[in-house]
Amino acid sequence: MGELTDTQFMRYSSHVLLEDMGEAGQLKLMSSSVLIIGVGGLGHAVAHQLAAAGVKRISLMDDDCVELSNLPRQLLFNDDDIGEPKVDIAAKKLANAYPDCEITALRQRFVSDEQALFNTVDVVFDCTDNFSSRLVINKSAVCRKTALISAAISGSNGQLFCLDFSQNEMRQANHLSPINQSVADDKDSIELIDKQLKATSGCYQCLYPDDSQVNQSCSQVGVLTSALLSIASMQALLGVNWLKGNPSQRQEIQGKLHLFNAQNLQWRQVAMSQDPNCCICATN
Amino acid sequence: MITIEFNGSAENLDSNANLLQLIELKNLNPKSLALVLNDQVVPRSRWAQIECQQSDKIDIFSAVAGG
Ligand SMILES: [Zn+2]
């Protein structure tokens, strides 16, 4: 994978110093590609943090233009940007600040016709502000067997998770094979059972079926910028951990739903579960 | 009767109540919620099939989609 230049070594020294990152982890980030769908409150901050961290390629997708009411929480934008496409402004500013990072601006709303894009990146970030886009992105990630890191916030409730659909066939095969209790004593069997349990993380639609009634966007419900950026930072952190992680570290990261209460600053982590009747991930 | 913990508070409940009945008993709209039973999400389609057990910890939260 090569090595860091002297300048890169200095620039990313705070990463390289980390025991579980090192030069190898930084090089992994610097060869990674990501797609960020939605460049609003969550997406602009995830893009900013990943570009600063040295991620090689970032594609930004959004069809919105900057509005006055965005400015208090979308910190890449200012008054001069009002009326301009968010992806163009974000791409321009980030490319200026982080010349190592290749940024592509895709000025469109995500539709399932675009899902081939998922196979050109290491991970997809869902930073959208509406339920219907989230369902389409989830379905595409399942279909394309990519990793999905999804975050959302309305009011003081934040939620995020990482799901890895790249192993889906193997997982489902594991899930179908019966657990043999009589051999459950030895370590291998326990690990197998553990894997089978993890086989059942499901997808976004297992968590929220498509007939769910969902609190809508930040502009409708309201949100504090600091709460929003806390969720965005966790989403970016999940992404960095995912990109630098080895397969067993990735297995630890995925399948957990993180719930944040911005009023009392409490985080909670729960295990996600597959809906055996899910029309998206259980039948594919 | 059994005792469960619902959103952090102890509650008494008929011993054969299932998760969906619990949600309806609370006058909550099942379609706006996700449910966690003992730190694991339970998909909505299974709520009617799972009976609450003594000392179960059950939490609900709303779906959010903002960004
Ligand atoms: Zn599913």
Side-chain angles (χ1 to χ4, degrees), chain A residues 37-43 46 126-135 150-159 161 197 200-202 205-209 211-223 228 231-232 235 257 259 261 268-278 282, chain B:
Chain A
I37 307 177
V39 186
L42 293 170
V46 171
D126 183 346
C127 302
T128 58
D129 64 356
N130 66 89
F131 186 55
S132 56
S133 293
R134 289 174 183 277
L135 291 174
S150 176
I153 184 165
S154 291
S156 53
N157 295 313
Q159 303 176 2
F161 63 81
L197 290 175
T200 54
S201 299
Q205 203 161 315
C206 294
L207 180 65
Y208 298 126
D211 62 352
S212 296
Q213 290 160 14
V214 181
N215 283 333
Q216 288 295 328
S217 67
C218 296
S219 50
Q220 289 165 308
V221 179
V223 71
L228 171 77
I231 297 295
Q235 190 179 17
L257 176 66
L259 302 164
N261 178 334
R268 181 163 180 216
Q269 183 179 302
V270 300
M272 298 178 76
S273 299
Q274 187 174 46
D275 180 347
N277 304 315
C278 177
Chain B
M1 290 289 255
I2 54 168
T3 306
I4 59 156
E5 202 180 297
F6 184 78
N7 273 2
S9 317
E11 304 247 352
N12 292 320
L13 197 66
D14 281 345
S15 49
N16 57 355
N18 66 45
L19 294 172
L20 183 60
Q21 288 166 335
L22 172 66
I23 295 303
E24 284 166 350
L25 196 71
K26 297 276 169 195
N27 284 323
L28 296 165
N29 176 2
K31 287 190 174 174
S32 68
L33 298 174
L35 186 148
V36 173
L37 171 63
N38 302 327
D39 288 327
Q40 175 120 29
V41 173
V42 179
R44 198 179 298 155
S45 71
R46 299 194 58 222
W47 293 359
Q49 298 153 23
I50 298 177
E51 283 188 6
C52 302
Q53 307 291 324
Q54 173 66 28
S55 306
D56 271 349
K57 287 193 170 75
I58 298 164
D59 298 283
I60 50 157
F61 56 88
S62 299
V64 298

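Numbered from 1 within each chain, the chains take letters A, B, ... in sequence-line order.
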**OP:** Start with the C-alpha gap between A:Arg268 and B:Asp39, add the side-chain angles, then the distance that decides, and say whether side-chain contact (heavy atoms from CB on, under 4.5 Å) holds.
**Re:** CA-CA 9 Å; A:Arg268 181 163 180 216; B:Asp39 288 327; 2.8 Å; yes
Original post:
Which atom names give the shortest non-hydrogen contact between A:Val270 and B:Val41, and what distance separates them?
Top reply: CG2-CG2, 3.8 Å
Original post:
Do you know the tightest heavy-atom contact between B:Gln40 and A:Met272?
Top reply: NE2-O, 3.5 Å
Subject >> Among the listed options A:Leu259, A:Leu228, A:Asp126, the residue most often paired with chain B at heavy-atom distances under 4.5 Å >> reply: A:Leu259
Subject >> chain B interface, residue from A:Cys206, A:Ala152, A:Gly155 that has the most non-hydrogen pairs under 4.5 Å >> reply: A:Ala152
**OP:** Name the option with the most non-hydrogen atom pairs under 4.5 Å to chain B; the candidates are A:Pro209, A:Gly38, A:Ala232.
**Re:** A:Pro209
Original post:
Are the side chain of A:Ser273 and the backbone of B:Pro43 linked by a donor-acceptor contact shorter than 3.5 Å?
Top reply: no
Original post:
Under the side-chain contact (heavy atoms from CB on, under 4.5 Å) criterion, do B:Phe61 and A:Asn157 qualify, and how do the steps go?
Top reply: CA-CA 9 Å; B:Phe61 56 88; A:Asn157 295 313; over 6 Å; no
Original post:
Got a sec, which residues hit ring-ring contact (aromatic ring centres under 6.0 Å, His included) with A:Phe161, two or more places apart in sequence or on another chain?
Top reply: none
**OP:** Quick one: closest heavy-atom pair of B:Ser45 and A:Asp275, and the distance?
**Re:** OG-OD1, 2.8 Å
Original post:
Measuring heavy-atom distances to chain A, does B:Asn29 have an atom under 4.5 Å in its side chain, in its backbone, in both, or in neither?
Top reply: side chain
Subject >> Heavy-atom closest pair, residues B:Ala65 and A:Ser154 >> reply: N-OG, 3.9 Å
Subject >> CZ on B:Arg44 to OG on A:Ser212, rounded to 0.5 Å >> reply: 3.5 Å
